[in-house]
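As the structure is a prediction and not an experimental result, all values here were calculated from the model. Scope of the values below: all heavy atoms of this structure, side chains included, with no hydrogens, waters or symmetry mates.
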Amino acid sequence: MRIFDSLALRFDGRTLWILDQTALPHRETWLDGSDPAAMVGHIQRLSVRGAPLIGVAAALSLACFAPTAGATERRQAWGALRAARPTAVNLMWAMDRLLPFLEDVEALRTE
């Protein structure tokens with residue numbers, strides 16, 4: 001995955017950072033979202049808000065996790081992220097879109 005820096009998401013080559021929207025407007029706090037289990041918590045606590053951002057953050061979290069995880073762990077993380085907010089259509093779309101790539105982890109890596 002390429003390094004990037006946006007208003008609510010950052011990737012420094014190692015860690016996916018998400019802006020904690022529950023701290024706004026008083027503080028700018030960034031949370032580690034690289035681990036899907038942590039991202040599930042961030043989504044459920046509403047640290048990540050907005051349908052498109054939820055889907056993108058979950059997909060990026062899974063992409064960070066996938067290269068170091070086995071097939072079973074990738075599939076479990078996918079399911080946990082997909083279930084984190086059952087009414088989030090963009091989340092479901094993003095997770096379903098990633099599913100075919102979970103078997104081919106190299107496809108998740110981009111230079």
Exercise: identify the closest heavy-atom pair between [X] and [Y]:
X	Y	answer
Met1	Cys64	CE-SG, 3.2 Å
Ile3	Gly13	CG1-N, 3.7 Å
Glu73	Gly70	OE1-N, 2.7 Å
Ser34	Pro36	O-CD, 3.6 Å
Leu16	Ala57	CD2-O, 3.9 Å

Using the rule that two of Ile, Leu, Val, Met, Phe, Trp, Tyr join whenever any of their side-chain heavy atoms come within less than 4.5 Å, decide whether Leu99 and Val89 are in one cluster.
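Each belongs to a different hydrophobic cluster.
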Do Met95 and Leu102 land in one hydrophobic cluster if side-chain heavy atoms of ILVMFWY residues count as linked below 4.5 Å?
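Yes, because Met95 and Leu102 connect within a single hydrophobic cluster, where side-chain heavy atoms sit under 4.5 Å apart.
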Given side chains that start at C-beta, do those of Leu62 and Met39 come closer than 4.5 Å, heavy atoms only?
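No, side chains not in contact.
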With sequence neighbours excluded, what pairs up with Asp12 under the salt bridge (Lys or Arg N to Asp or Glu O under 4.0 Å) test?
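Asp12 satisfies salt bridge (Lys or Arg N to Asp or Glu O under 4.0 Å) with no other residue.
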With clusters built from Ile, Leu, Val, Met, Phe, Trp and Tyr whose side-chain heavy atoms come within less than 4.5 Å, directly or transitively, what are the remaining members of the cluster of Leu7, listed by chain and number?
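Listed partners: none, Leu7 stands alone.
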Suppose clustering is done on Ile, Leu, Val, Met, Phe, Trp and Tyr with side-chain heavy atoms closer than 4.5 Å. Which residues sit in the same group as Leu19?
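Trp17, Leu24, Trp30, which link up through side-chain heavy atoms under 4.5 Å apart, make up the rest of the cluster.
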Show me the donor-acceptor pairs, under 3.5 Å and distance only, between side chains in residues 42-52 and residues at least two apart or in other chains.
{"unit_1": "His42", "atom_1": "ND1", "unit_2": "Arg45", "atom_2": "NH2", "d": "3.1"}
{"unit_1": "His42", "atom_1": "NE2", "unit_2": "Asp32", "atom_2": "O", "d": "2.9"}
{"unit_1": "Arg45", "atom_1": "NH1", "unit_2": "Gly41", "atom_2": "O", "d": "3.3"}
{"unit_1": "Ser47", "atom_1": "OG", "unit_2": "Asp20", "atom_2": "OD1", "d": "3.3"}
{"unit_1": "Arg49", "atom_1": "NE", "unit_2": "Leu46", "atom_2": "O", "d": "2.9"}

Please, which pairs that meet side-chain hydrogen bond (donor to acceptor under 3.5 Å, both in side chains) have at least one residue in residues 75-94, sequence neighbours excluded?
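Pairs touching residues 75-94 that pass the test: Arg82-Asp96.
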Hey, what do you get for CG (Leu53) to OG (Ser6), rounding to the nearest 0.5 Å?
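Answer for the CG-OG pair, Leu53 versus Ser6, is 7.5 Å.
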Quick one: pull up CZ in Phe65 and CG in Leu81 and give me the separation to the nearest 0.5 Å.
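Here the rounded value is 9.5 Å.
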